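Predicted model, so just to flag it, every value in this text is computed and none were measured. Side-chain atoms are counted along with the backbone in the values below, which use heavy atoms only and exclude waters and symmetry mates.
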Amino acid sequence: PNSLDWWYDPTGSCTGGVPCDNNGHGTHTMGTMVASNSTALSYTAGMAPGATWIACKGCATNDCSNVALLACADWILAPNDNAANRPHIVNNSWGGPGNNDWFRDIVITWRASGIFPAFSAGNEGADDYGNLVCSSLGSPGDYPESFATASHDSNGIVSDFSSRGPGAFGNSPYNKPNISAPGGSVMSSI
């Protein structure tokens with residue numbers, strides 16, 4: 001299929017039906033996930049280089065509207081109106097304040113549909129004075145049904161900015177965050 005068949009933009013931010021990244025965050029996150037070395041990169045940046053991926057632009061700028069995020073959530077269940085196109089894993093780097101269950105029904109639906117929901121733990125791990133803040137996980141990463149990933153740097157040290165547990169929804173079935181991955185002072189793509 002045409003590569004644009006695997007892209008959806010409910011924000012209307014991209015022009016001409018061509019995928020875009022108008023703030024640099026989405027392609028950086030995708031690079032951390034799936035980038036492999038190529039003519040553009042002299043190194044392998046991604047944790048799963050060469051993986052097949054689809055994308056939905058749920059954030060128009062640095063802000064993400066609930067309407068666009070929900071439109072992406074529904075599209076993920078049946079990209080191009082075909083449930084056979086649904087991904088095995090959904091990775092979202094967006095989030096908001098913890099203990100907010102507004103997106104939880106979607107995450108539960110994804111799980112029931114065989115989709116593994118991976119979210120950022122959040123970026124609220126330190127206060128304005130640089131003190132580390134426990135119980136700073138953001139939603140939807142703090143849901144028991146979600147897999148929350150904290151950030152660590154290229155030396156494996158958890159990033160000061162990375163949110164920390166425990167989660168507001170309790171630690172069942174796992175402590176939160178579930179894992180850490182490269183996210184601070186690491187190479188990626190834009």
Side-chain angles (χ1 to χ4, degrees), residues 1-65 68-69 71-73 75-76 79-80 85-96 103 107 110 115-126 137-141 146-164 176-190:
N2 182 319
S3 63
L4 295 182
D5 291 340
W6 303 96
W7 166 262
Y8 180 51
D9 176 20
T11 69
S13 300
C14 303
T15 59
V18 177
C20 70
D21 181 2
N22 55 330
N23 69 11
H25 183 75
T27 51
H28 188 276
T29 301
M30 289 300 296
T32 303
M33 292 185 323
V34 300
S36 60
N37 60 354
S38 66
T39 56
L41 300 174
S42 60
Y43 51 86
T44 299
M47 297 301 293
T52 301
W53 57 274
I54 61 175
C56 186
K57 187 166 181 57
C59 301
T61 59
N62 288 338
D63 294 318
C64 312
S65 77
L69 292 174
C72 283
W75 181 79
I76 287 295
N80 301 313
N85 293 336
R86 104 175 23 126
H88 300 283
I89 301 167
V90 172
N91 185 16
N92 292 280
S93 65
W94 62 269
F103 203 71
V107 172
W110 284 350
I115 297 172
F116 182 83
F119 287 91
S120 166
N123 297 325
E124 305 300 324
L137 290 170
S139 292
S146 297
F147 191 84
T149 304
S151 167
H152 68 250
D153 64 20
S154 57
N155 295 315
I157 306 298
V158 175
S159 305
D160 288 347
F161 65 81
S162 189
S163 293
R164 290 155 166 76
K176 297 285 184 166
N178 302 91
I179 196 169
S180 67
S185 300
V186 295
M187 301 297 290
S188 188
S189 59
I190 292 188

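Residues Phe161 and Ser151 are in side-chain contact: their nearest non-hydrogen atoms beyond the backbone lie under 4.5 Å apart. At a threshold of 4.5 Å between non-hydrogen side-chain atoms, the residues Phe147 and Ile179 count as touching. Proximity of Pro10 to Cys56: side-chain heavy atoms (C-beta onward) are separated by under 4.5 Å at one or more points.
Looking at every heavy atom in both residues, Ser146 comes nearest to Pro140 through OG-O, 2.8 Å. Nearest heavy atom pair, residue Val158 against residue Arg164, reads CG1-NH2, 3.7 Å. Here the closest non-hydrogen pair linking Ser93 and Thr29 is OG-OG1, 3.6 Å. Smallest separation of non-hydrogen atoms from Lys176 and Leu137: CB-CD1, 3.2 Å. Nearest heavy-atom pair, Ala35 versus Pro49, reported as atom, atom and distance to 0.1 Å: O-CB, 3.5 Å.
Among residues two or more places apart in sequence or in another chain, the side chain to side chain donor-acceptor pair (under 3.5 Å) test is passed with Ser162 by none.
In this pair, Phe119 and Trp110 present their aromatic rings parallel. The plane angle is below 30°, not in the 30 to 60° band. The aromatic rings of Trp75 and Tyr8 lie parallel to each other, with less than 30° between the two planes, well short of the 60° mark.
Rounding to the nearest 0.5 Å gives a distance of 8.0 Å between CG of Asn92 and CD1 of Ile76. Summarising the geometry, atom CE belonging to Met33 is positioned 9.5 Å from atom CD1 belonging to Ile89; distances are rounded to the nearest 0.5 Å. We find the CD1-CG distance between Ile54 and Asn80 to be 8.0 Å, quoted to the nearest 0.5 Å. Taking OG1 from Thr52 and NE2 from His88, the interatomic distance works out to 9.0 Å, rounded to the nearest 0.5 Å. For the atom pair Trp94 CH2 and Cys72 SG, the distance stands at 9.5 Å (nearest 0.5 Å).
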For residues 58-65, please give each side-chain donor-acceptor pair under 3.5 Å, one per line with the distance, not counting sequence neighbours.
{"residue": "Thr61", "atom": "OG1", "partner": "Asp63", "partner atom": "N", "Å": "3.3"}
{"residue": "Asn62", "atom": "OD1", "partner": "Asn23", "partner atom": "ND2", "Å": "3.1"}
{"residue": "Ser65", "atom": "OG", "partner": "Ala68", "partner atom": "N", "Å": "3.0"}

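Put simply, the side chain of Ser163 gets close to the backbone of Glu124: a donor and an acceptor are under 3.5 Å apart. Asn155 places no side-chain N or O within donor-acceptor distance of the main-chain N or O of Ile157, the cut-off being under 3.5 Å. For Ser13 (side chain) and Asp9 (main-chain N/O), no donor-acceptor pair under 3.5 Å exists by modelled atom type. Not one N or O on the side chain of Lys57 forms a donor-acceptor pair closer than 3.5 Å with the backbone of Trp7. Proximity of a side-chain donor or acceptor of Asn178 to a complementary backbone N or O of Ala148 within less than 3.5 Å is detected. Of the possible donor and acceptor atoms, one in the side chain of Asn85 sits under 3.5 Å from a partner among the backbone N and O of Pro79.
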